[in-house]
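Here's the structure we're looking at; comments come further down.
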Amino acid sequence: MSDVFERYERQYCEISANLSKKCTAAAALDGERKKQKVSEIQTGLDEAESLIRKMDLEARSLQPNVKAVLLAKLREYKSDLNNLKSEVKRLVSGNLNAAARDELLESGMADALTASADQRSRLMMSTERVNQSTDRIKDSRRTMLETEELGVSILQDLSSQRQSLLHAHNTLHGVDDNVGKSKKVLTAMSRRMSRNKWIIGTVVAVLVIAIILILYFKLAK
């Protein structure tokens, strides 16, 4: 939930409770004292209505899931404000005699104040439910962020392992090239050694034949 909305909400609840007390007090007054108290109440109503507008603007600027919950709560506050306005209208328009005023205080005003108190009680319960829903949303968001961070960490680890595997592959490929080159060199050396063996064998054979011929001609004489 928005911290701004919660601040406006606390201010409204305080003003609403204060206005309810002033309405009760004004009902027992008359003359100038009553007019002064009604003037104070109307000033408070203006402040309460201003807070309602601010809460409405703040609620409509939030995400849809939070917005719907806050607007439902705001409807309760508007209904509470309308009840307070009705009470003030009865106070202002009450050119009633003492008996009628006493009857009003004992019946209508008491019923209105009771209804207002019940409504405020429901508003507080709604506020508590919204706060609980907000806490659950915050917990879900925190879990989502933790999961996202874990996923990012896993992806980074996989990327690092991929780089290591690519480096190892390149190293093995270089080793294979070196082994191939060494094999070619050894093959060439083996061929040269075989050729040298044939040459040496041929030279030895020629020398042996030459020695035999020399001996034969000497012995023949």
Side-chain angles (χ1 to χ4, degrees), residues 1-139 141:
M1 185 187 295
S2 169
D3 293 336
V4 176
F5 187 93
E6 290 180 351
R7 185 172 68 252
Y8 292 151
E9 183 180 29
R10 286 193 298 270
Q11 292 175 0
Y12 175 81
C13 290
E14 292 174 1
I15 291 175
S16 177
N18 190 29
L19 289 176
S20 180
K21 293 178 182 178
K22 287 183 177 181
C23 286
T24 304
L29 300 176
D30 54 10
E32 291 299 325
R33 294 174 62 192
K34 182 177 180 180
K35 289 181 180 180
Q36 183 178 0
K37 184 64 69 175
V38 169
S39 178
E40 293 177 3
I41 293 172
Q42 288 176 336
T43 301
L45 286 175
D46 291 338
E47 294 179 5
E49 192 166 9
S50 176
L51 288 171
I52 289 288
R53 288 195 297 269
K54 290 178 180 179
M55 283 191 285
D56 185 73
L57 291 174
E58 179 64 21
R60 294 181 187 280
S61 67
L62 299 176
Q63 296 178 353
N65 56 342
V66 180
K67 172 183 173 182
V69 176
L70 296 184
L71 288 179
K73 182 192 292 189
L74 192 58
R75 285 193 291 271
E76 297 288 339
Y77 289 143
K78 289 179 179 179
S79 178
D80 177 67
L81 181 61
N82 289 332
N83 286 337
L84 290 172
K85 288 181 178 180
S86 298
E87 293 177 20
V88 173
K89 286 180 180 179
R90 283 194 293 270
L91 290 173
V92 172
S93 62
N95 289 325
L96 305 173
N97 56 35
R101 187 170 64 243
D102 292 340
E103 183 180 357
L104 178 64
L105 288 173
E106 292 176 358
S107 59
M109 186 65 71
D111 292 341
L113 291 177
T114 300
S116 181
D118 291 341
Q119 192 169 34
R120 275 192 290 275
S121 177
R122 291 195 299 272
L123 288 175
M124 295 304 294
M125 293 177 63
S126 298
T127 300
E128 184 177 354
R129 288 195 296 269
V130 170
N131 289 335
Q132 291 175 354
S133 299
T134 302
D135 291 338
R136 287 195 294 270
I137 291 173
K138 288 181 179 179
D139 291 339
R141 184 178 297 174

| note | Shortest non-hydrogen pair, Y77 vs M55, comes out as CD1-CE, 4.0 Å

| query | Roughly how far, to the nearest 0.5 Å, is CG of L70 from CD of Q63? | reply | 11.0 Å

| said: Between D56 and R60 (salt bridge meaning N to carboxylate O under 4.0 Å), is one present in this structure? | reply: yes

| remark: Here the gap from D80 atom CG to E76 atom CD, rounded to the nearest 0.5 Å, amounts to 9.0 Å

| request: Say whether, by atom type as modelled, one donor and one acceptor occur between the side chain of N82 and the main chain of K78 under 3.5 angstrom. | output: yes

| Under 3.5 Å, side chain of S93 to main-chain N/O of K89, donor-acceptor pair present? | yes

Please output the side-chain donor-acceptor pairs of residues 35-54 that fall under 3.5 Å, not counting sequence neighbours, one pair per line with the distance.
{"from": "T43", "atom 1": "OG1", "to": "S39", "atom 2": "O", "distance (Å)": "3.1"}
{"from": "E49", "atom 1": "OE1", "to": "K85", "atom 2": "NZ", "distance (Å)": "3.4"}
{"from": "E49", "atom 1": "OE2", "to": "K85", "atom 2": "NZ", "distance (Å)": "3.3"}

| note | Rounded to the nearest 0.5 Å, the CG atom of L74 sits from the OH atom of Y12 at a distance of 9.0 Å

| query | Looking at R33 and L29, what are the two nearest heavy atoms and their distance? | reply | NH2-CD2, 3.5 Å

| message | If you compare all heavy atoms of A26 against all heavy atoms of L91, which two are closest, and at what distance to 0.1 Å? | response | CB-CD1, 3.9 Å

| remark: For V88 and C23 the tightest heavy-atom approach is CG2-SG, 4.2 Å

| Is the backbone N or O of A17 less than 3.5 Å from a side-chain atom of S20, with the two atoms forming a donor-acceptor pair by type? | no

| said: Counting C-beta onward and ignoring hydrogens, is there a side-chain heavy-atom pair between N18 and E14 closer than 4.5 Å? | reply: no

